[in-house]
Structures are given as structure tokens and as C-alpha cells.
Amino acid sequence: MKRIGMLTSGGDCQALNAAMRGVVKCLACSGEPVEIYGFLEGYKGLIYGNFRMLTGADFSGILTKGGTILGSSRTPFKLMREPDENGLDKVEAMKQNYYKLRLDCLVILGGNGTHKTANMLREEGLNVVTLPKTIDNDLWGTDMTFGFQSAVNIATDCIDCIHTTAASHGRVFIVEVMGHKVGYLTLNAGMAGGADIILIPEIPYDINKVVDAINKRSERGSKFTILAVAEGAISKENAALSKKELKKKMADYKYPSVSYEIAEKIQKKTGLDVRVTVPGHTQRGGSPCPYDRVFASRLGAEAGRLILKGEYGFMVGYRNREIVKVPLEDVAGKLKMVAPDSDIIREAKMLGISFGD
Ligand code: F6P
């Protein structure tokens, strides 16, 4: 008999349910009796002992379902060692609940912050297997996270829709894409949607270079320009500041987000009409795309296999087209970013895409 605790933590994404289903199906197919304890709303459920026992029926029909059947929440890693408002030691509480339920292991699905806590729990002696979720694809140790391809599809659809209206009007359009401080989502959706300018955090932009690229298009007779701008895009000027200086500068930032600042500057410098579209959380919503369904199911099955073998302390990831197990201590606390000198950036530039650098 295996007793498995499961939780989804951090911002949700597509294919969380598909991944959990993968784990449970693999365990069920092995013939090993299992009990699944689903902790609700991320680490909060584990801290406060808020769980639901799950049966096979809970995992039926969820392959295509977005969101997470367990709910999710953000419990920042830096607050984990701080007692809650009632003085509860959160780490101790998580350990107590794990031991009280006599769990064999925890299956934790999450992104960067989640992996820091998962690794801490491993260091505290708990058995942990993790799965890499996030639309940002910024998790170190895996070439791909599930949720990413679904989000690329949605952001691309948004740029596609902008294309048709852009063709009718002589305007500059900015589509602001999620991704936190990393540009994978913007880069991929931008290229897939045929954006003319792509601004990502890893390549700080010069607004004059952005304007040059727009003017060049106008001179060539193009009526419109489309920019895919990462929510974390940063100007060269701001990138040169220290963390403290930037924080001070941003304290009286008057724009809702970076795209609106860029829009205002483009409008002033070119006299062109500029519109901003922010698809926001739609990028995390809806059904997982077929790629993510397959990918998350494969990762889930491999996690199930590790559990059956009693191999703990790993994230199941994907590297060089193979599903691999990556030690949690290697993953925790590291960010995977787009390398400005990578092939894809070089090729995008060869296609005439400007990065504003
Ligand atoms: O990490 C996933 C993500 O969607 C980021 O792309 C985005 O910056 C952030 O979460 C938004 O967080 P929240 O849902 O807490 O607003």
C-alpha cells in the first residue's frame, strides 16, 4: 500500500489535472494499492491539514480540464519559515500532517517558488517527487514545463486576431504577454504570430531602436507594426540601475504596465496611433493543448514509476528530448532564461525581427 499526498501550488496553468491523472493512472495500472490524499489550495492545505481523499473517479474525465481539481495558492518561500498570525510553525505543521497521515511521499506540482519549498521539505526528511508546471517555462533543469505550449497557443491566437484588425488600420499594436521575468512565452508567441518587434527581459530595449524599426516599416509601406512585449520587458536605462535604484524609480511609476509606457513613447516619437492589448490570465486558462496533455501525462507516468521504485527527491523533467529525473537540490532557486546569444534569437533576427537592442 502506498499513501500519496498531492498538491498543486503557485499560479495555475493548463495540464495540472492531466499530470495528476498521469501519476494516479500509472500507480493504478501497477496493481499496487494506493491511497491519494489531495491537499487543497497548495501548501496551505498541507500546513493546515486541509485535504480530501481522492479516488479513481476524481481523476476520470480531467485530462482535458484546465485549472486544478485541488485548487492552488501562492505561499511565498520566504514566509515559510515565519510563523503564521497564530504563531503556527508552518514547516513543522507540514511535517506533522505528513507523518500523521503516514504518507509515503508527496507529489508536488509547481514552478520556481514551489520547488524551493519542495526542496526544503526534502531537506527536512520528507519524500518528495515534483512535476514542472508553469506557462513561463522558466524552471531550471527542464527544457519544457507543462502549460507553456498551451499558453503559447493562446498568446499566438491573440496576436493573430490583432493582425487582422491591424491590417485594416494604420496603427501600432502592442500585445503584452505574461512570463514574469522571463521571455520564452513572448518570444515563441511573438515568432508564431509574426510580430515585427519582440521585447523580452533578457534583451533590454532601447526605445529609439524600437522607433527606428517602426519607422523603417512605415518607409517600406507597411501600414501597421505589431510588437509582442513581455510583461517583464525592461529598457536599457532601467537595466543599468541597481535593484535599489530601480525600486525607488518604480515607486512612482504611473503606467499600469510596461506596454503602456512603451505605447506612450512610441506615440510621442512617431505620431502614430498605438493600441495595447493585454490577454493576461487568459494565457493560463482553458483546456490544455494536445502537446501539454501528452507531455503532462508522460511526466505524471514517470513520477508514478519513481514512486513505485521508492526513488524520491527528484523533479521529473525533460531534457534533450528525454524524460529525466533531476535532483531537487539542483532545481531549487534557479531560473532558466532565454540566452540572448541562443540560436532562436539569432534566427529571429535573421527573419528581420527587432529586439530593440
Ligand atoms: O508564473 C505564472 C504567471 O502567470 C506569470 O506569467 C505572471 O507574471 C504571474 O503568474 C501572475 O501571477 P498572479 O496570478 O498571481 O497575478
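The model shown is predicted, which means the values in this text are computed figures rather than measured ones. In each ligand, atom 1 is the first atom listed, and ligand 1 is the first ligand listed. Values below: all heavy atoms of this structure, side chains included; hydrogens, waters and symmetry mates excluded.
Neither the backbone nor the side chain of L185 has any atom closer than 4.0 Å to an atom of ligand 1 (non-hydrogen atoms only). When non-hydrogen atoms are compared, ligand 1 lies under 4.0 Å from the side chain of H281 (C-beta onward) but not from its backbone.
Under the 6.0 Å cut-off for aromatic ring centres, Y255 and Y253 qualify, their centroids lying closer than that. Checked against the 6.0 Å centroid criterion, the rings of H163 and F224 qualify as a close aromatic pair.
At least one heavy atom of G179 sits under 4.0 Å from some atom of ligand 1.
At a cut-off of 3.5 Å, with distance as the only test, no side-chain donor of N153 or Y291 sits close to an acceptor on the other residue.
For the pair K265 and Y260, the cation-pi criterion (under 6.0 Å, within 45° of the ring axis) is not fulfilled.
Given atom 6 (O) of ligand 1, the protein heavy atom at minimum distance is D136 OD1, 2.7 Å. The protein heavy-atom contact nearest to atom 8 (O) of ligand 1 is E231 OE2, 2.5 Å. Of all protein heavy atoms, the one lying nearest to atom 11 (C) of ligand 1 is R284 NH1, 3.6 Å.
Panel note: side chain S242, backbone E245; a donor-acceptor pair is recorded below 3.5 Å.
Using a 4.0 Å cut-off between a side-chain N of Lys or Arg and a carboxylate O of Asp or Glu, D206 and K236 do not qualify as a salt bridge.
By heavy-atom distance, the residue among M178, R74, K133 lying nearest atom 10 (O) of ligand 1 is R74.
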